[in-house]
Amino acid sequence: MKEVVRIVLKSGKDQSAKRYHPWIFSGAIKKIYGEPGEGDIVLVFSNKDEFLGAGHYQDSSIAVRILSFRDREIGEAFLTERLGDAVRARRGLGLPDNPLTNAFRLVNAEGDGLPGLIIDLYNGAAVMQFHSIGMHRNRNALINGLKEVLGEKLTSIYDKSTSTLPSRYASAQKNEYLLGGPGDTEIIEHGNKFIIDFERGQKTGFYIDQRENRKLLADYADGKKVLNLFGYTGGFSVYARQGGAKLVHTVDSSAHAIEMADQNMSFNFGEDDRHRGITADAFKYLGAPEEEYDLVILDPPAFAKHHNVLHNALQGYKKLNAKAIGMIRPGGILFTFSCSQAVSRENFRKSVFVASANTGRRVRILHQLSQPADHPVSVYHPEGEYLKGLVLLVD
Ligand code: SAH
């Protein structure tokens, strides 16, 4: 058998691993003893030969993703144990077996001690998204583990990773069913129904991470004219209508998303002229809105995928928020979000502050929002916190 590769860090570069941060950057490495293949398990040591952790190796700036800070074998038993931990954590949140919500994130990568792996569960259909080669190479072990921890509840598994794995590796992979097969997947979330198209949809099919924020929105919607910008398949729109909105407009640049938004509205409320889906650019729509709205949702895609484009991203948030704050009716409510991991909560708030000041409107923060508890963040890995939101009262 191939000898396990050992990686020794430069002196002084072991602090973050000693504080259980799961990423070893290539610049921290002093010497590699052996020739690791991509996705191989490697053992990481300090310059003083102290064991730091075992994880997956990859030829990238994050060279090792640590899975265990104790010296133990990373195989099917280990992975199944972590999957079992993830299920237990969700059980504590009342998620599995919840008659009103049957879609949730089962595995949130580093937040669940499984760097490189996302698993979302849609009414028994698991969608796996691999972000590291090491995790993908363990796909079979993870499937066995999933079957073991979920039992009969698991109806299908779809691997949707060609866009999330490094392209040099992904080019030899395909998105595919590993259990069961295609078919419409219907879910229920806080009593609202949605049709999920995980094959053609974005991410794993749905933005599960906005679940609790959508629920809050319903509380504000009664009697309001609502504009859902970057509305995707109408998540916030359905909740707005359920909360009693008198008019809901969903705007998204994707025609397919708007088609699904219309479908989700009629799925819940039948034919109803209170909703309209509009395929348009959100920035353009804000320049010439069709109505004066009382409640606006701004949930754009991540403007900053990397720290080096942070400045442009912050400008984007300022511009967008200034437009929305400027057009909302006095006494109106704005739900505004950033899902860019590179944009800190403070920076996002500053963008909203500058946007508000530019409009001269009176703006008060009513709620500060985040990602839900099925998207846990390891205290040692603050990068896992990405979703930030503010609910503003705009006079
Ligand atoms: N709020 C949604 C998720 C939004 S994801 C939910 O709860 O489900 C971001 C959406 O923005 C995507 O659907 C994408 O198609 C859309 N989008 C991206 N750029 C856009 C633009 N310039 N104008 C309008 N929509 C855009």
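Start at 1 and go down the list; that is how both ligands and their atoms are numbered.
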closest protein heavy atom to atom 18 (C) of ligand 1 is Pro301 CG, 3.5 Å
Distance-only N or O hit between ligand 1 and Arg214, under 3.5 Å
yes
Hey, can you tell me if Tyr20 and Phe69 have their rings parallel, tilted or perpendicular (30° and 60° cut-offs)?
perpendicular
Backbone or side-chain N or O of Gln210 under 3.5 Å from ligand 1 N or O
no
Aromatic plane relationship, Tyr220 with His367 - under 30° parallel, 30 to 60° tilted, over 60° perpendicular
perpendicular
Just distances here: any N/O of Tyr207 and N/O of ligand 1 closer than 3.5 Å?
no
Nearest neighbour of atom 15 (O) of ligand 1 from the list Asp299, Asp252, Ile297, Ile278, on a heavy-atom basis
Asp252
Within a distance under 4.0 Å of any heavy atom of Ala280, pick out the atoms of ligand 1 and give their elements.
23 (N), 24 (C)
Below 3.5 angstrom, do we get any N/O pair linking Asn228 and ligand 1?
no
Could you identify the single nearest non-hydrogen protein atom to atom 20 (C) of ligand 1 and state the distance to 0.1 Å?
Ser253 OG, 3.3 Å
Is it the case that over 12 heavy atoms from other parts of the model lie below 6.0 angstrom from the OH atom of Tyr177?
yes
Geometry only, no angles: is Phe206 polar-contacting ligand 1 at N/O separations under 3.5 Å?
no
